[in-house]
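One structure is given here, and the rest of the page talks about it.
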Amino acid sequence: MVAENFIEFKDVGKVYPNGTVGLSHINLTIPKGQFLVVVGLSGSGKSTLMRTLNRMHDISSGDIMIDGQSIINYKGKQLRNLRRKIGMIFQNFNLVKRSSVQRNVLSGRVGYYSTWRSALGLFSQADKQKTVEALRRVGLGEKLYTRADQLSGGQQQRVAVARAFMQDPKIVLADEPVASLDPLTTDSVMNDLKKLNDDFGITVIVNLHSLELARKYADRIVGLRGGELVYDKTIDQVTDTDLDNIYQSEGPEPESEAIVMHSATEGVI
Ligand SMILES: Nc1ncnc2c1ncn2[C@@H]1O[C@H](COP(=O)(O)OP(=O)(O)OP(=O)(O)O)[C@@H](O)[C@H]1O
Ligand SMILES: [Mg+2]
């Protein structure tokens, strides 16, 4: 177990097939159990960075190590094992809206089942029990049989946190998890994530736009600009002025939304 350099980005570069530079010369070492917040303007590379960790995006240069092993050439079983250990939380929750909360949370376990068992929904009693525990952790114990689309946005995000917990993850990646939530709900979701971090030593990486939230929850804040790491401080070193600087003196946006959409529809991610 490599604790101090649990996750290592080594001179990582990512160029999208259309030539857009997503990441450039990223060197970043994340110790086990850290609550890391990544900030930066839209288009600065936050999502790209996060997605390289579970190989939703492949990198163009450099290397990424997790627990002492390079992950960039993982295939098949190794890749499945990697993804099983990484919980993902998205801005839009990514729940199956017409399914029950229970089903959604149980789906966090599918990485532990053979394809046919999970397709038939043959989850073990132990996992059903774990679902109850997972929901209690996020204060939704009574919502087991409710349909996901009957929950508020904040509740849906808390179900997503419960689903991530079901994976027994070593890492949780949350990409702007609270961007569409009100301030009160935001705090409950951030607290749920913090609890995963505190109670189980799970390494949590959160992309946020709000510096105020970053300061409230992070052990460490890193800032991206134009795909480069321009800021990296532990929370006790962070000052008001340097946070202001992260969002100031930006050049023009490197790429337009339209290009992202275009690429996505061509499936060249
Ligand atoms: N699939 C893609 N194809 C081409 N370029 C992309 C793709 N996805 C992202 N990019 C570009 O890579 C750069 C980094 O994008 P990324 O989505 O990582 O930024 P972000 O910091 O997450 O932004 P936001 O705050 O808006 O979510 C941007 O210039 C973006 O346009
Ligand atoms: Mg993003």
Side-chain angles (χ1 to χ4, degrees), residues 7 9-28 30 35-62 64 71-72 83 86-94 153 156-157 160-161 164 171-181 186 189-190 193 204-215 217-218 220-233 242-269:
I7 299 171
F9 290 85
K10 293 182 169 174
D11 202 26
V12 168
K14 162 76 184 169
V15 183
Y16 283 100
N18 68 358
T20 307
V21 175
L23 297 172
S24 176
H25 299 292
I26 299 286
N27 285 294
L28 176 63
I30 306 168
F35 196 110
L36 178 76
V37 171
V38 182
V39 298
L41 282 181
S42 180
S44 58
K46 303 182 297 297
S47 298
T48 306
L49 183 77
M50 191 166 267
R51 289 169 182 192
T52 60
L53 266 183
N54 71 353
R55 296 273 312 282
M56 274 163 83
H57 287 330
D58 281 329
I59 60 175
S60 315
S61 54
I64 300 175
I71 62 155
I72 62 172
R83 289 183 173 155
I86 301 181
M88 288 288 296
I89 314 277
F90 301 91
Q91 179 179 345
N92 62 359
F93 325 130
N94 273 20
Q156 290 190 41
Q157 194 60 301
V161 174
I171 302 169
V172 167
L173 306 175
D175 197 353
E176 295 185 37
V178 294
S180 45
L181 305 178
T186 288
V189 169
M190 290 303 295
L193 289 170
V204 177
I205 305 177
V206 188
N207 291 345
L208 288 177
H209 273 125
S210 157
L211 295 175
E212 197 189 333
L213 271 187
R215 276 188 103 162
Y217 290 95
R220 174 186 180 190
I221 299 178
V222 298
L224 293 177
R225 184 186 294 162
E228 289 179 24
L229 198 77
V230 294
Y231 185 87
D232 182 359
K233 285 191 180 178
D242 48 38
L243 278 183
D244 287 344
N245 288 337
I246 296 178
Y247 282 128
Q248 276 168 8
S249 58
E250 291 278 340
E253 282 297 296
E255 280 297 327
S256 73
E257 202 71 10
I259 291 176
V260 180
M261 299 291 291
H262 177 66
S263 308
T265 51
E266 283 180 354
V268 289
I269 301 171

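Start at 1 and go down the list; that is how both ligands and their atoms are numbered. These numbers come from a predicted model, not from an experiment.
Contact annotation: Asn207 has no heavy atom less than 4.0 Å from any atom of ligand 1. Residue-ligand proximity: His57 is placed with every non-hydrogen atom at 4.0 Å or more from ligand 1. Residue contacts with ligand 1 do not include Lys14, since none of its heavy atoms lies under 4.0 Å from the ligand.
A salt bridge is absent between Lys46 and Asp175: the closest approach of a Lys/Arg side-chain nitrogen to an acidic carboxylate oxygen does not fall below 4.0 angstrom.
Each of Leu173, Val222, Val172 was evaluated against Ile205; a single residue qualifies, Leu173, per the side chain to side chain contact (heavy atoms under 4.5 Å, CB included) test.
For ligand 1, the atoms sitting less than 4.0 Å from at least one non-hydrogen atom of Glu176 are 24 (P), 25 (O), 27 (O), numbered in the order shown with element in parentheses. The Thr48 neighbourhood of ligand 1 comprises atoms 14 (C), 15 (O), 16 (P), 18 (O), with distances under 4.0 Å to a heavy atom of that residue. Residue Leu41 approaches ligand 1 through these ligand atoms, each under 4.0 Å from one of its heavy atoms: 21 (O). Each of the atoms 25 (O) of ligand 1 lies under 4.0 Å from some heavy atom of His209. Shown in contact with Thr20 at under 4.0 Å from a heavy atom are these atoms of ligand 1, numbered in order with element: 5 (N), 11 (C), 12 (O), 29 (O).
Checking Asn207 against the Mg ion (ligand 2), every N/O/S atom stays at or beyond the 2.8 Å cut-off.
Side-chain contact, His25 with Glu228: no donor N or O sits under 3.5 Å from an acceptor N or O.
Contact annotation for Asn18 and ligand 1: only side-chain heavy atoms (C-beta onward) come within less than 4.0 Å of the ligand.
Contact check for Leu208 versus Met190: side-chain heavy atoms found under the 4.5 Å cut-off.
Judged purely by atom type and a 3.5 angstrom limit, Gln157 has no side-chain atom pairing as donor or acceptor with the backbone of Val178. Under the 3.5 Å distance criterion, the side-chain polar atoms of Arg83 are matched with a main-chain donor or acceptor of Asn54. With Ser24 contributing its side chain and Gly227 its backbone, the two residues share no donor-acceptor pair below 3.5 Å.
Here the shortest heavy-atom distance to atom 28 (C) of ligand 1, taken over Pro17, Gly43, Ser47, Ser44, belongs to Gly43. Scanning Gly40, Gly227, Ser42, Gly226 for the heavy atom closest to atom 24 (P) of ligand 1 points to Ser42.
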Review point. So Ile30 and Ile171, side chain to side chain contact (heavy atoms under 4.5 Å, CB included) or not? Walk me through it.
Key: CA-CA 11 Å; Ile30 306 168; Ile171 302 169; over 6 Å; no

